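Okay, structure first, notes after.
Residues: numbered from 1 along the sequence shown. Every number for a ligand or one of its atoms is a count from 1 in the order of the listing. What you see is a predicted model, and the numbers here were worked out from it, not measured in a lab.
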Amino acid sequence: MSRGRPAAGLCDSCRHQQLVPTTRGSVFSLCRRSRREPERFPRYPQLPVRACTGWERRQERG
Ligand code: SF4
């Protein structure tokens with residue numbers, strides 16, 4: 001999960017996280033809840049996220 005990017009805190013276990021690689025080789029942690037509720041959730045929250053009302057556990061595969 002952590003290929004050269006800072007830990008994103010809660011977002012790393014949240015189903016709303018989307019990892020966005022950049023052309024410069026880094027990876028941003030995007031919050032997909034920001035699409036419907038931009039007033040509540042920033043597109044790119046300041047990391048690491050320690051508390052979030054929108055967090056929902058991501059279903060792990062396997
Ligand atoms: S809902 Fe909260 S914990 Fe989940 S990705 Fe967005 S900011 Fe991170």
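Atom 2 (Fe) of ligand 1 has C52 SG, 2.3 Å as its closest protein atom, hydrogens excluded (heavy atom only). Atom 6 (Fe) of ligand 1 has C31 SG, 2.3 Å as its closest protein atom, hydrogens excluded (heavy atom only).
Remark: side-chain polar atoms of T22 are paired, donor with acceptor, to backbone N or O of S26 under 3.5 angstrom. Side chain of R40 to backbone of S34: no donor-acceptor contact under 3.5 angstrom is found.
Within the listing of ligand 1, atoms 5 (S) sit less than 4.0 angstrom from a heavy atom of Q17. Annotation for ligand 1: atoms under 4.0 Å from non-hydrogen atoms of C14 are 1 (S), 3 (S), 4 (Fe), 5 (S). Within the listing of ligand 1, atoms 1 (S) sit less than 4.0 angstrom from a heavy atom of R33.
Going from atom OG of S13 over to atom CZ of R57 covers 6.0 Å, rounded to the nearest 0.5 Å. To the nearest 0.5 Å, atoms OG (S29) and CD (Q17) are separated by 3.5 Å. Atom CZ of F41 and atom SG of C11 lie 10.0 Å apart (nearest 0.5 Å).
Coordination check, C11 versus atom 4 (Fe) of ligand 1: failed, since every N/O/S atom of the residue sits at 2.8 Å or beyond.
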